[in-house]
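Below, chain A is the first sequence line, B the second, and so on; all start at residue 1.
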Protein chains: 2
Amino acid sequence: MAEKLTIRDIARLAGVSKATVSRVLNQKPDVDPATRERILRVMEEQGFVPNIAASGLAGGRSRLLGALIPSLTWPLIPELMRGVGEVVGATPYELILYSINDVNHEKDRSDIISRIVRTRLVSGLLAVFPGPSAKYLAALHSRSFPVLLIDDQGIPPENTPWISVDNRVGAYEATRHLIRLGHRRIAHIQGPLKYQVSHDRYRGYCDALEEAGIPLDPALVLEGDFMPQTGRACANAFFDLPPERRPTAIFAGSDYMAYGAIAAAEQRGLRVPDDVAVVGFDDNPSSAHMEPPLTTVRQPFYEMGRRAAEMLLAFVEASRMMHHPSQNGQFASVTPSAAVFDPPVRVKMPTSLIIRASCGASRHLHSPSEQGGGDRSR
Amino acid sequence: MAEKLTIRDIARLAGVSKATVSRVLNQKPDVDPATRERILRVMEEQGFVPNIAASGLAGGRSRLLGALIPSLTWPLIPELMRGVGEVVGATPYELILYSINDVNHEKDRSDIISRIVRTRLVSGLLAVFPGPSAKYLAALHSRSFPVLLIDDQGIPPENTPWISVDNRVGAYEATRHLIRLGHRRIAHIQGPLKYQVSHDRYRGYCDALEEAGIPLDPALVLEGDFMPQTGRACANAFFDLPPERRPTAIFAGSDYMAYGAIAAAEQRGLRVPDDVAVVGFDDNPSSAHMEPPLTTVRQPFYEMGRRAAEMLLAFVEASRMMHHPSQNGQFASVTPSAAVFDPPVRVKMPTSLIIRASCGASRHLHSPSEQGGGDRSR
DNA sequence: ATCGATACCGTAAACGATTACGAAAATTGT
DNA sequence: ACAATTTTCGTAATCGTTTACGGTATCGAT
């Protein structure tokens, strides 16, 4: 079956020149609908797939997208990539994975970026940055290279499209939920303050408190590092407080830290949620399997992945059309409504509060079918 | 900084021809050590990175590796990819992600493979197959395309290198551990029997029982589907048995099913591990955070990822040398000992038993420092 | 000094697409 | 019917690298 089909073979079979075939391949104008149809049929019959390397060379583009992400072992990254993969998989584009081993290894990160620029392999980049990113993106952005930031936790450079999560509102809703359940002394374990998200979530926490007229107690706010160990340590610090100042609820800035807090509570013989309620942030896949199942703020990473991929694809296609401002040029699967993106876009995705057992109000908002054992794997 | 460096610029700067530069790029012979040095220095100074598209076109290869994997949301896949990514990242190769949405969608799978073949984009493929794979690989293998199977759960086709986990021994050790703890009535929740792994694990379970002279009770063996729900259902079936036939320990064929079994136990007021011990298989990242932390058989996916990438790289480099049988041609990071792989290689990785609280013998083999809260994130 | 071998290196032709440019064909207006 | 457009399509150059092939240097042996 079709050992080595080239554009030339298709041209011969269809009785046209390579140029014409190339035109239909790139949905360019200047080709008769009838011939276009004929060529498409031949390609279909022969099962022709263009050689990406060749078109990348000739056109300076590549139908290759890069994904620059922190370790896949971070809980929500796979969800994100699932969304990205589904969208990209429905197009002729392929996805190149640039993953970063060590978060703190800034050199690593800029090395990868310069490599991305130099090899000119991908024609668009999707970047998940856990830290300040401006200086890394300057290189790309200055070359008018399509870049899309996801959940940038620093302050994104001007004019760079990005998509993020509304951390403040998520934290606000979580805290408000605890307040509604009757809690007045609510502690907060922050993420590392070097990340913007930590401030945003803290802000939402404060807002809810203020709204309810609850004074902020600085002793009930501690900084962690997103990992279970610090969750445990901070929770222990809270439990060491004199009884009248001790919190009855803990809002952790990440699910991992919530795990630690729960472990600390249990080690002291405190029951969750009876003695202390715990709410997390993230909705890791494993948070539904915990005992007790964790109430948490879900970050819609799957949806963000889809959305991000669609946007990036639109950018890339747009910059591809740039020099040849013609009619269409969208994939069926890419929403055509997202055609013109000239002003940089910023999208903020909404979070949702997932109520499970760890806050002591399992039946408050959800139907009984949403139990602890459920998981989102498909 | 270096807008568009090509091999031609390097050649000019170094006072040689493009051909010579290309030779050093591909670690080919026939170039004077002094010139090689000079060229390397120039490349270094200029920060030159070859254009992958161009070399892919010209050479018919590509410095691109493909990874065909099931959803990243499967618990151990990210660990695998971490290993792969680290190895590949240390070479000039890039990694293309071909991930499959729905496992049962066999058409999807073969579509992707034919796409891989047709675009001729990658020069080697690493495939994680959760089911029978022979027919999909025929297309690749027949073209002498470097392929490496990981943890193929069916029977791999002849002559295809693959790397897998010793499921039988893992299950054997887990069961033996329970026996040593004094259990005589040990139930087993199998994975889907359409997968070979399920049979292998069952086999290990039987072996341990037989070795201890414990008769196999068919009522204590049920088939699940790897997911928590069936773990719960099977466990409930066990608990419904009359007291004298009821198991005191459950060995689940996956961590997820173990989660379900623990949930079922707790719902009945049975305490884990006091009333019933539970052991899983996989060592999902979240299994350490469970309450109680889960004793389980760890599958070394990270190590497998590294190993697989190294092997695949060696294959690709070997097939690259094929027509130009010269001296060296290995990366510093790729173990040179793995140079010649002519006979297809099959590697079986050992599992390890991770003892935590859910089997009731936390301090049996491990030091106290290995606690439940520990996680393997780096 | 001459002859092979050998080591080194340059020339030029691919590789499979894209695209500027211009020519031919079809369409329109008069 | 003819000029002016407009539509459609082919020619040929080009992208950056690899590699077959052939040409010099170099060197030891005769």
Mind calculating the distance between [atom1] ([X]) and [atom2] ([N]) to the nearest angstrom?
X     : N      : atom1 : atom2 : answer
B/I39 : C/dC9  : CD1   : P     : 7 Å
A/D32 : D/dT6  : CG    : P     : 18 Å
A/N26 : C/dA20 : CG    : P     : 12 Å
A/M43 : C/dA17 : CE    : P     : 11 Å
B/E37 : C/dC8  : CD    : C1'   : 17 Å
B/L5  : D/dC15 : CG    : C1'   : 16 Å
A/R8  : D/dT11 : CZ    : P     : 11 Å
B/R63 : D/dG16 : CZ    : P     : 18 Å

Distance-minimising heavy-atom pair for [X] and [Y]:
X      : Y      : value
A/I77  : A/P70  : CD1-CG, 3.9 Å
A/G56  : B/A53  : C-CB, 4.3 Å
B/Y98  : B/V122 : OH-CG1, 3.8 Å
B/L312 : B/P146 : CD1-O, 4.0 Å
A/F48  : A/L25  : CE2-CD2, 3.9 Å

Item to check | Residues in contact with DNA chain C, drawn from residues 13-24 of chain A - heavy-atom cutoff 4.0 Å | outcome: A/K18, A/A19, A/S22
Checklist entry - Which one of A/R307, A/E86, A/R82 satisfies the side-chain hydrogen bond (donor to acceptor under 3.5 Å, both in side chains) criterion with A/Y302? => result A/E86
Shortest side-chain distance from [X], nucleotide among [options]:
X     : options               : answer
B/D30 : C/dC9, D/dC15, D/dT8  : C/dC9
B/A58 : D/dT17, C/dC8, C/dG16 : D/dT17
B/I7  : C/dG16, D/dT8, D/dT18 : D/dT18

Next on the checklist: Please check if the number of heavy atoms outside A/R306 that lie under 6.0 Å from its CZ is greater than 12.
Outcome noted: yes
Checklist outcome for this item: Whichever of B/R38 and B/L57 has the more 5' nearest nucleotide on DNA chain C, that residue is B/R38
Next on the checklist: Below the 4.0 Å mark, does D/dC15 have OP1 or OP2 next to a side-chain nitrogen or oxygen of B/N51?
Outcome noted: no
